[in-house]
Amino acid sequence: MILNYTNVCNVRCHFCAFYRTGTESDAYTMTREQVLERISLFYDRYGIRQLLIQGGA
Ligand code: SF4
């Protein structure tokens, strides 16, 4: 499973279409509870064995 806990990033690489500055309507940062809920859901549903956590900087 790859978990992107936020798409807000201040690095702003020129090639990146993923990042948001934080003011856009689709900018998001998950809470700790949302992160745990998502991991639990994927574990229960898909039996995930690996977790890669990615996010902005
Ligand atoms: S999310 Fe990663 S690739 Fe995109 S601007 Fe931030 S550091 Fe660069």
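The model shown is predicted, which means the values in this text are computed figures rather than measured ones. Atoms within a ligand are numbered from 1 in the order they appear, just like the ligands themselves.
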Checklist entry - Between the side chain of Gln34 and the main-chain N/O of Thr31, is any donor-acceptor distance below 3.5 Å? => result yes
Checklist entry - Is there side-chain contact between Leu51 and Tyr43, with heavy atoms separated by less than 4.5 Å? => result no
Next on the checklist: Keeping Arg49 on the side-chain end and Gly47 on the backbone end, is there a donor-acceptor pair under 3.5 Å?
Outcome noted: no
Item to check | Side-chain donor or acceptor of Asn7 paired with backbone N/O of Gly22 under 3.5 Å | outcome: no
Next on the checklist: Quick check for you: within a radius under 2.8 Å, how many protein N, O or S atoms neighbour atom 8 (Fe) of ligand 1?
Outcome noted: 1
Next on the checklist: Tell me every residue that passes side-chain contact (heavy atoms from CB on, under 4.5 Å) with Thr21, counting only those two or more places apart in sequence or in another chain.
Outcome noted: Arg12, Tyr19, Thr23, Glu24
Checklist entry - Protein heavy atom under 4.0 angstrom of atom 2 (Fe) of ligand 1, is there one? => result no
Item to check | Test item: Asn4 and Tyr28 side chains (from C-beta on) under 4.5 Å apart, heavy atoms | outcome: yes
